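The shown structure was predicted, so the numbers you read here are calculated from the model rather than taken from an experiment. Note that ligands are numbered from 1 as they come in the structure, with each ligand's atoms numbered from 1 the same way.
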Amino acid sequence: MRALLTSLLLLAPWLVSAQTDTVRSAFYQTRFGPYNPSRTLACDLLHTDLDLRFDWTKQQAAGTATLWFKPWFYPQDSVAIDAKGFLISSVALIDTNRAKPTTTPLSYAYTDGRVLRVKLPRTYTRTESFAIRITYTARPNELPKTERGPTERSSTAGATSDDKGLYFINPDGKQPGVPRQIWTQGETEANSCWFPTVDTPNEKMTQDFRLTVESRYRTLSNGQLVSQTRNPDGTRTDRWVQTLPHAPYLAMVGVGDFAYVRDSLPPTADRKGLEVSYYVEPAYEKNARGIFGRTPAMIRFFEQVFGVPYVWHKYSQMVVRDFVSGAMENTTATVHNEAVQMDARQLVDENSDAVIAHELAHHWFGDLVTCESWANLPLNEAFATYAEYLWFEHAKGPDEAELQRQSDLFQYLSEAETKQEPLIRYRHADREDMFDAHSYQKGGLVLHLLRKVVGDEAFFASLKRYLNTHRFGTAEVANLREAFEAVTGQDLNWFFEQWFLAPGHAVVRVEQQYTPGRLTLQVRQRQDSLGIPGFVSAYRVPVLIDVWVKGKRTRYDVWLNQADQTVTLPVAEQPELVLFDADYRLVGTVEHTRSRAESLFQYTHADTFRARVESLTRLLEPGALTHPDVVQTLIKALDDPFWKIRQMAVSGLANYTGDAVSVVDNRLRQLAGRDPKSAVRAEALATLSTLRNPANSVVFKQALTDSSYTVVSVALVSYLKGKPADADAIVAQFANERNGSVLAAVADYYAEAADPRRYDWFTQSIGKIRPTERYEFLLAFGKYLLLSSQAIQKKALPTLEAIARNDASPYARFGAYQALGLLLDLPGVSQLRAAIRTAEKDAQLRAIYKQMGE
Ligand code: ZN
């Protein structure tokens, strides 16, 4: 999912170095790792019956599990079951074939506390099945540290921060404002921390789960809720049945005080109606449709674009506290972290459609067809990531989709500065390393390139064939290639070798020369892997080249296939612009200089987002605003149909003082009040405030009533900059808001006055802000303390320490740590910060501390 690190990078820009285009073979670490095969399956797990009740006090679960097996192929006289950290009470063979089921105790070994080795009373062949009943206690918090200690793992995409499988939130009910919840997270192999299973992605089973909970709680699990039974002791037992097989890592249970919001997907000619539902904290009940409401449309869209119906029996999404990752595609029971929970005003600024589409798409790529080993994880994650692109392309148009793809490219290139691996990595050292910007972002980019190589029709027909061939089964990367080859009739080994099995990306340099009648392009591939065995030497890839002459575009389709290549095109006159890789399909970087005139031409003539954004990026060099033609183009771009371009043009005009300043000023005022996109309105206010026209005070004041929190927070900061007479009164109007950016603006104002009576306001406001949005506020708090007396500073230390150590969000912890950095004059603070750094468990935050050189 959208990575924490990406957002932290915005806060910590010193982490991004300029060098992004060099392949370094030294980054290919998994060459040397141990080979990770798919798990050998001696017995096939067919079905799991589970009775589970929960002990909040001990944070344990008491379970009775019955597992149905049959030998996979070879006869077996024993079976190995994953069961991590259990107390085992009994293990027995169940014979349900008789009128009265019989139970035979079995002998077993459980020496390492991780694998239960059960001896069968005789040898079974593959035509026979048998059932084993295990009664046990799951103790997720007592698992040995090695099982879940956060190592310094890769810092992007879908990484999890823990792997104990079963989580109790606010178990003793003593944390004010925090709901009591129980939820699970199975991927990769953590579900065997709460039920015995064969915990590997190449196993598939059906389920019958009975969850016994206090009757005030709601439950969620995979499949359908078939009954709810009240028990004499005041508890209730919910029975969830999933009759379609899936991999054990996709099993899930959730318990707590959730509001249940029912949506639906009406029946059509080719599909029955489907329950679509959302489980959110009660306070967000009225926002559930605002948050998740596009889900039914997404299901319909993916059915159509993948060509395969949604096969599962419902689709629920649950939001939980303190989740260990972004979200998880448990079959029919997706879990999201609390960041998706937004109120109506927050939803004006942003929504979670990307992650919602991502988890839903996994119900085809991941849940229906599962990667057979973690080495093949891109078969899950690349598709789910690319599905975000497909949804945006469909629902919001190509510009929005391309914006997403551009950000994926940046994320991959940023990871590629220190890590370059094949997408499919049989020699990974730690399976968690697979959840990175390769499997997700680069994977999505490679699928897009594949789509361009084979064409849309063949691409989607191949996906359909792949899904249908392997439905309810597993796949490795060769299976994907075979589907594409069967559909297209082409050999595609070369493509899969370059992009799935070799590390790196293309680094292309283009130089152009015009002689009458002919355009010559020198195209050089300069990835430094050239010539190193195991790497791609020269990519073989078709690219588009657009050439404009007299305002008219001609498009050429050219295959790159050599490290040094001369491309000659018949062009009648000196072209105004040559756009190499015109649809930006290459996974990698292209260096091709442009004159200012060419970039100006590119903005007005190229029709894609990527070409427009590239031209503005080139034009916005330092000193750009001294060129009237650049300013004119930026003014034109204020009317661009796509908001991101408008926002970029607006921000590019910051501090402008030239001749067109009153035109700019006027236009920005209009955008500030009327642009449909809040990000553009906010940017317009921010740029206006750099123009220092006192008359704009009215505009800022007016924007304080905007529906968007982002706009209001910028308006507030901008308004206060002018030191208006009513500043105190205006600030007071916003001091009780619940939004992080607005409160940060208030805090900034209060910080400067450093009034000791504001101390309580600061400490009480922190709790009102969503943990992920506390960073800025905490910095302002630090500023307030810096200007305050030593007595107040000392008083704040325990508060800051508690946040820096214990806040659920790394953003908040980082903010409090930074605030402490402003108090280094106090005795002991430097040691305290060192202790906080050492105790930090989040790998990404640890990496940031390291990068800061502290
Ligand atoms: Zn995913």
Side-chain angles (χ1 to χ4, degrees), residues 1-6 153-161 163 184-191 201 222 246-252 292 295 298-299 302 306 310 312 315-320 323-337 339-340 352-392 404-405 407-408 411-412 415 423-425 428 431-448 463 467 474-475 477 480:
M1 284 326 338
R2 291 304 125 197
L4 166 63
L5 187 67
T6 324
R153 284 169 173 161
S154 75
S155 49
T156 34
T160 58
S161 51
D163 58 1
T184 62
Q185 166 57 30
E187 195 175 27
T188 50
E189 297 176 14
N191 272 344
N222 315 93
H246 71 164
Y249 76 87
L250 296 165
M252 169 275 186
F292 292 115
T295 306
M298 288 180 189
I299 297 177
F302 287 140
F306 299 150
Y310 180 87
W312 312 98
Y315 189 59
S316 300
Q317 297 173 83
M318 173 177 264
V319 185
V320 305
F323 194 51
V324 285
S325 185
M328 180 65 209
E329 68 271 20
N330 311 299
T331 314
T332 77
T334 285
V335 171
H336 289 279
N337 77 20
V340 305
S352 308
D353 285 6
V355 62
I356 293 169
H358 179 111
E359 305 310 326
L360 175 62
H362 272 311
H363 282 67
W364 286 262
F365 295 94
D367 297 6
L368 181 60
V369 178
T370 308
C371 59
E372 70 165 42
S373 66
W374 302 119
N376 283 282
L377 184 72
L379 294 181
N380 292 7
E381 298 304 346
F383 281 106
T385 304
Y386 192 53
E388 301 171 31
Y389 179 95
L390 294 174
W391 168 253
F392 283 144
Q404 173 90 352
R405 198 166 65 88
S407 126
D408 284 354
Q411 285 178 62
Y412 161 68
E415 182 170 279
L423 287 184
I424 307 298
R425 277 158 275 171
H428 56 80
R431 56 183 185 256
E432 280 301 317
D433 294 344
M434 294 297 302
F435 293 81
D436 62 358
H438 284 64
S439 293
Y440 286 68
Q441 283 83 1
K442 186 186 179 191
L445 296 163
V446 165
L447 289 174
H448 184 76
L463 298 194
L467 289 169
T474 59
V477 68
L480 183 66

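Residue H362 approaches the Zn ion (ligand 1) most closely through its N/O/S atom NE2. Looking only at its N/O/S atoms, H358 has NE2 as the one nearest to the Zn ion (ligand 1). For the Zn ion (ligand 1), the nearest N, O or S atom contributed by E381 is named OE1.
N337 meets the side-chain contact (heavy atoms from CB on, under 4.5 Å) test with F323, A339; sequence neighbours excluded. Listed by chain and residue number, Y386, Y389 satisfy the ring-ring contact (aromatic ring centres under 6.0 Å, His included) test with H448 (two or more places apart in sequence, or in another chain).
Judged purely by atom type and a 3.5 angstrom limit, D163 has no side-chain atom pairing as donor or acceptor with the backbone of T188.
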Report the C-alpha separation of Q404 and E388 in whole Å, then their side-chain angles, then the decisive distance to 0.1 Å, and conclude whether the side chain to side chain donor-acceptor pair (under 3.5 Å) test is met. CA-CA 8 Å; Q404 173 90 352; E388 301 171 31; 2.6 Å; yes
